[in-house]
Each structure stands twice: as structure tokens, then as C-alpha cells.
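Just so it is clear: chains get the letters A, B, ... in the order the sequence lines come, proteins before strands, and each one is counted from 1.
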Protein chains: 2
Amino acid sequence: MNISHIELRHLRLLQALVESGGLTAAAERLHLTQSAVSHQLKALESLLGLSLLERATRPVRLTAAGKRLLQLADIVLPEVEATLRDLAKLKDGEAGELRIALECHTCYDWLMPAMDAFRAAWPHVELDLLGGFYADPISLLYDGQADIIITSDATPRKDVAFEPLFAYEILALMPNKHALTSKKYLLPKDFASEPLITYPVPQDRIDLIRRVLSPAGIKPARREAQLTVAILQLVASRRGLAALPAWAVSPYLERDYVTARPIGKHGLWAELHAGMRERDVGRSYLSDFITIVQRESFARLPGIRPAIL
Amino acid sequence: MNISHIELRHLRLLQALVESGGLTAAAERLHLTQSAVSHQLKALESLLGLSLLERATRPVRLTAAGKRLLQLADIVLPEVEATLRDLAKLKDGEAGELRIALECHTCYDWLMPAMDAFRAAWPHVELDLLGGFYADPISLLYDGQADIIITSDATPRKDVAFEPLFAYEILALMPNKHALTSKKYLLPKDFASEPLITYPVPQDRIDLIRRVLSPAGIKPARREAQLTVAILQLVASRRGLAALPAWAVSPYLERDYVTARPIGKHGLWAELHAGMRERDVGRSYLSDFITIVQRESFARLPGIRPAIL
DNA sequence: AAATAACATGAATATTTCTCATATTGAACT
DNA sequence: AGTTCAATATGAGAAATATTCATGTTATTT
């Protein structure tokens, strides 16, 4: 056969593969099973008659052929995205309004770059961030006060469509040279004896408490701080422990400001999802916002994984 | 659904559609049925929620959305081709030898640009053109004297793979203001009374004689000339009629040097095919040569159609 | 108004892609 | 080394998609 039946699917596969470092992670990211990715990769390789990556290593490493093909993907896929965006504008018009409600405190940090990217792509869409804390952010969707909510709770609701954004690890933070630094990972009881420093939100919105400490019957003293830096400062000065998303603290960890350990053997992972009204799913710039958030997040945030829904 | 499931297939479709001017022609070019093209186009349009082309007109006209998407195709598809070429070089090495045997006289004309393009893509492949006329060019493949033959006869042979190149119309040529110019198209009897000016090849290699005049029992006098210009010069000076490929004479027709008419109601069409040894099909630069010939031909030669095999 | 050519459509078929269940592999750990 | 664990591979069946076939529709030509 003369014309290679290579498709964009293959390029998206390769890109996901290198960005997520393995077949399994890539599969999640593409909303496929690991098996599908394996089959597809094998098919692509035999189509080209070339091997594209060394699977034995972690993260996977590209062969020369793989690198050349990835280079194509990096040229082509952004062009495709830009085209689809232009077509979407042609379809629905360029202008509109997009109000985002945030459930989590730390979300501001990573959302900014994504919002900048969105503004560049859709200059005529008015972007609004609903501040404050909402007991039930989904009601904002029903009320029509928000168009997109970003939440960790994606239990299906009528007329609301959820799209997984990503999963991130929550790390336990302790002062350098703290006694607990000797442990590979922390267990519930390790939190019993010291105050827990958190954002000023109710207990049940703190994953560590709701999912780890409460089930184990442990209720540490709490102390609150508004800003991420403030929490870190308190931890560093030995006022207590904290638990924060890995991507929020990674710059501090690199400078050895505090020490971090996983919570539990497999770590404590949380997921973020975007929710929108079912009937808005076709509105181009809303869907595109989510695409942009995903792209930016995976490109910028260290140590995140695809959400599994 | 967030990520549009657009694929290269769709881009190839759109490109074929505009280059060939209609669904039916595009289908032939893509080796598909008209139905498949229609379905596929419809699927693409509903995927994007936009109409891409006005079908009522001939040639089809793109909508704004169609134009934008074609722009993407024109960026992306050449990149893909270049990448596949690079991968092919990685696979088989860059160097080799490619000997081409030509059956038809006029082929030299259109083959040159394609050969130039090939040389640019594969600078280390040694390109050879076997000159002269061969009774049975396929034997050159078996002998190993040629790697690719270009022929109008694609009847299946053991161990030989044929790939259709294109179909072209053979036009009857007559002096301006000749009596026959009043006719819309010529019939066999119209050739009875004047000499036929041809290349110096046996009767049965001249399509007009073999497929039109002989069956009708008409045997005009013949006169031979080596070069296309020479034939045209003879026609223009009223020494007889000729029949040549449309693309070979189109520059002369534009300057009204001679007058052309179709042969028979539907015109006389001939096809060209490339043949190679079955076992060479995997050799990258051989297959790529055919791809390049097809691309260059469709881009440069006026009035050709996909061959139907 | 008939004939023709190009395109559309629905149902049947063919092909491709995906998933499920399970095997294999390779690294990490006693 | 043997065991365990996570990651990848594989085969077979299921699901989804693409293609064809047969035919209908539409627009254009004669």
C-alpha cells in the first residue's frame, strides 16, 4: 500500500504517550483502556515498519523514528486545534460570556495560565471568575450564575455534564528534619499529635480529613491560613503539619523549604472535574475552555495524572 | 464531546474534493465509491456542525468553513508526507537505485517535473531513465533491468504490482478553420480522408488506431514525426490530422496554434499505470516515487482524471 | 418532457477499533 | 533466587465505524 494510513489518532497517541510517560497513563488520558493503546501502538509501528518507543524504560523513551513522528505531532496537532477553534467561531460567533465557579482554594494558582491562554484564543468572550466559597457549586449552574464549575465531586446529576480535568497527589508537609521525615509515607496516626494547618474551609472539604483522618478516628487540632505561602511558612516554623497538592508546593520543595511525604502507601490522590450544563455542551468556547485547561495543565503542572472519573 | 474526532482522512477528502471538483471524481481519486465520499463528507459536516461545500455548483465551491479547513489540509498533509518520507529513510536507508522504463513517447514531458521533485526528496537515490522503445516493458521488470515501468497496459501479471497513475484524454488535432472544426466531436470516418501524423511507433501502440479506427475498418495514411512540436507544426500546416494527449497540447491550444476536438461522444481516454515487482512494494523510495508522480501530475497536468484501473 | 449526470440515502456488509479477560514481562524486594 | 507488584502484551469477542450496493432524488442538458 502506497499511502500510509496514518491518522491524527496516531499522533495524539504518541503525544499522550510521551507526555504521560507510559501506556497506562496515556490510555487514561485518551479515555481508552491500556489494551487499546497497546494495540494501537503496535498497529502504528507495524504500519510504519519501525519501532517507535522503548517500553522497558520508565518513562518510555522514543526511538529516532518516534522522535521524528512526535515532531510531526507537535506541528500538526496545534494547527488542528487552531483550525477547530476558528471553525467554532464561524459556527457560533466569536463573542459570549463565560463565568467560572471554583470550589477549591488552590485552584486559582493553576487556573491563571489556562485563563490567559483562553483569553488569547477567544478575545471577545467575557471571562468571569466567581469568587468566594459555595456550599453547593452545582446550584450555580442551575441558577445560571455560572457556566462552568470546577469541582472534585463529579457524581452524575441531571442536566449536568462533567469532564475530568486531572488527578493530583496531596502531599503531607512537615518541617525539614522533622521526626516523621524518616518515614517513606505517613499513616493517619502520624497526624494525631500535631496541629493541621489548612485553608479556612469546613472539615469535610479537606480531603485529608474526610478521606483519611476521620475514617481512622483521628481529629487533630486545626489552624487556618488564607494563602499557600502562609501555610508553608507555618509548617517551616514548626507550628504543625499540612497537606497540599503536589503542584502547589513543588517550587518550595525544590528549594528545600519544607519536606514532603506521600499520605498512605499509594499516596492520597484527588481529582478535579469541570461541570457544565448539558445543553451548553455544544457551545464551542465552553468546550474549548476545558480543552485548554487540560492542555495547559498537563503541560505545566508537575506530577498530575489523568482523572479516572 | 470535547475533542473533535477529525482525522487526516477528512483532510485528504477535502483536498481531493477541491482538486477534482466533485464528489464522484474525488471518490475515484481516493479509490472509494461516490457513496462513501458522500457519507464521509456528511459525517464530517455534522461533526463540525458546519456545511463545508456547496454541491449544486460545478466545480464544487467551498464555504468559508471549507476554506479554513482546506487551509489546514494544505499545511498538514505536506508535513505528513515529509515525515513519512523521513521515516522511510530511517527504515531503509537513504540511498538506492531507481530505473524507470517508459512505454509512451509523450511521457517524457510530464515525467520531468516529477523526477525533479523526486530528486529533491531522495538526493541519494540514483535515478535512471531507460530510453528507447520496448515491445514488452514488463520483461524489463523480470530481467531486473528496470524497477518501475510506466505503461498503459495494467493487465495483472504474476509478481508485478500495478498502481494507477491517471487517465488523460486524447484529443484530435486539426488546423484552424479546418472543415471538421464545425463538429462538436469527431467520428472514425472523419479520419479517413487525411494522413494521420504520429510518433514513430507501431500501429497497435497508437490508441486512436487500435481502439477507434481499426474497429471501424478505417486505415488512414500515416506520417511520422519524432517530437510533439514537429507533429503540431505539420498539423498546423495542413499536412494531416493528429491525436495527442490533452495535457501535451494544451499550451498550443491556448495560443490557438491548432484546433482540438474530442474523439467520439465521450472522448477517447487512456490510462497510465506504474508497475513494479511485487517484492519491491515495501521499498520506500519506489512507492514514494509513485506518490510523487501522482501528486505532481494532478497538480500540474490540465484535464487529467484518476485512473479507474 | 425525457434523458443524463451528479449527489444523497438506507440497509447490509466489511473493516477497524475497542474492551475484557488473561498471559507475559520486567523491575523491586525480601 | 523466589516472590510480588506494576506495567505491558495478546487473543477473542463485542462494539463502533466505514464502505458498498442498490436505489432514490435533484439539477442540468437536450
Side-chain angles (χ1 to χ4, degrees), chain A residues 1 3-14 16-18 20-47 51-63 66 184-185 262 264-267 269 305-306 308-309, chain B residues 1 3-14 16-18 20-47 51-63 66 184-185 262 264-267 269 305-306 308-309:
Chain A
M1 199 56 28
I3 281 155
S4 242
H5 283 194
I6 188 172
E7 287 292 348
L8 291 180
R9 178 162 25 95
H10 299 294
L11 300 185
R12 297 194 246 258
L13 171 73
L14 194 67
L17 231 25
V18 291
S20 54
L23 303 224
T24 310
E28 284 168 0
R29 177 135 169 224
L30 298 169
H31 302 291
L32 289 173
T33 58
Q34 172 270 323
S35 175
V37 167
S38 174
H39 280 298
Q40 197 168 307
L41 178 60
K42 196 180 156 196
L44 177 59
E45 288 185 325
S46 82
L47 189 73
S51 119
L52 294 174
L53 51 81
E54 305 162 19
R55 293 93 191 281
T57 76
R58 204 146 324 278
V60 291
R61 192 170 29 217
L62 291 179
T63 63
K184 251 265 226 16
Y185 53 87
K265 187 162 184 186
H266 302 286
W269 287 79
R305 296 198 310 209
I308 313 160
L309 195 83
Chain B
M1 197 60 23
I3 282 157
S4 240
H5 281 195
I6 188 173
E7 286 292 350
L8 291 180
R9 177 162 30 91
H10 299 300
L11 300 184
R12 296 194 247 258
L13 171 73
L14 194 67
L17 231 26
V18 291
S20 54
L23 304 225
T24 308
E28 282 169 2
R29 176 136 170 223
L30 298 169
H31 301 294
L32 288 174
T33 59
Q34 173 269 322
S35 177
V37 168
S38 175
H39 279 297
Q40 198 168 305
L41 178 60
K42 194 180 155 194
L44 176 60
E45 287 185 325
S46 83
L47 189 73
S51 116
L52 294 175
L53 50 81
E54 304 162 20
R55 293 91 190 282
T57 77
R58 205 148 329 277
V60 292
R61 195 173 21 222
L62 291 179
T63 64
K184 243 307 215 341
Y185 53 87
K265 185 163 185 187
H266 301 285
W269 287 79
R305 295 197 312 209
I308 314 162
L309 194 84

Can you tell me how far P of dA16(D) sits from CG of Leu47(B), to the nearest Å?
17 Å
Just jot down the side chain to side chain contact (heavy atoms under 4.5 Å, CB included) partners of Val60(A), sequence neighbours excluded, or say none.
Leu53(A)
Spacing of Leu30(A) atom CG and Leu23(A) atom CG [to the nearest 0.5 Å]:
11.0 Å
So if I define the base as every atom that isn't primed, P, OP1 or OP2, how would nucleotides 24-30 of chain C read as a B/S/- string at a heavy-atom cutoff under 4.0 Å?
-------
If I take atom CG from residue Leu32(B) and atom CG from residue Leu13(B), how far apart are they, to the nearest 0.5 angstrom?
8.5 Å
Using a 4.0 Å cut-off on protein heavy atoms (strictly under), produce a 5'-to-3' string for nucleotides 17-25 of chain D with B for base contact, S for backbone-only sugar-phosphate contact, and - for none.
-SSBB----
What is the distance, to the nearest angstrom, from the CD atom on Glu7(B) to the P atom on dT16(C)?
14 Å
Side-chain N or O of Lys42(B) less than 4.0 angstrom from OP1 or OP2 on dT9(C)?
yes
If the condition is side chain to side chain contact (heavy atoms under 4.5 Å, CB included), which residues does Ala25(B) pass it with, not counting sequence neighbours?
Ser20(B)
About how many Å separate CZ of Arg9(A) and CG of Leu8(B), when rounded to the nearest 0.5 Å?
9.5 Å
Considering only heavy atoms from C-beta outward, does the side chain of Arg12(A) approach that of Glu7(A) to under 4.5 Å?
no
Rounded to the nearest 0.5 Å, what's the gap from CD on Glu28(B) to OG1 on Thr33(B)? Could you check?
11.0 Å
Whole angstrom value for the distance that separates C1' of dA5(C) from CZ of Arg305(B):
12 Å
Send over the distance from Glu54(A) CD to dA9(D) C1', rounded to a whole Å.
17 Å
Kindly compute the distance separating OG1 (Thr24(B)) from CG (Leu17(B)), expressed to the nearest 0.5 Å.
10.0 Å
Side chains of Leu62(B) and Leu52(B) in contact at under 4.5 Å (non-hydrogen atoms):
no
Side chain to side chain donor-acceptor pair (under 3.5 Å) contacts in which one or both residues fall within residues 35-47 of chain A, not counting sequence neighbours:
Glu45(A)-Arg55(A)
Please give, in whole Å, the distance from dT8(D) P to Glu45(A) CD?
13 Å
Between Leu44(A) (CG) and dC18(C) (P), how many Å, whole number?
13 Å
Measure the spacing between CZ of Arg305(B) and CZ of Arg29(B) and express it to the nearest 0.5 Å.
14.0 Å
Using a 3.5 Å limit for the pairing distances, which stems of at least 3 consecutive Watson-Crick or G-U wobble pairs does DNA chain C take part in?
C:1-30 with D:1-30
Mind calculating the distance between CG (Leu23(B)) and P (dA27(D)) to the nearest angstrom?
14 Å
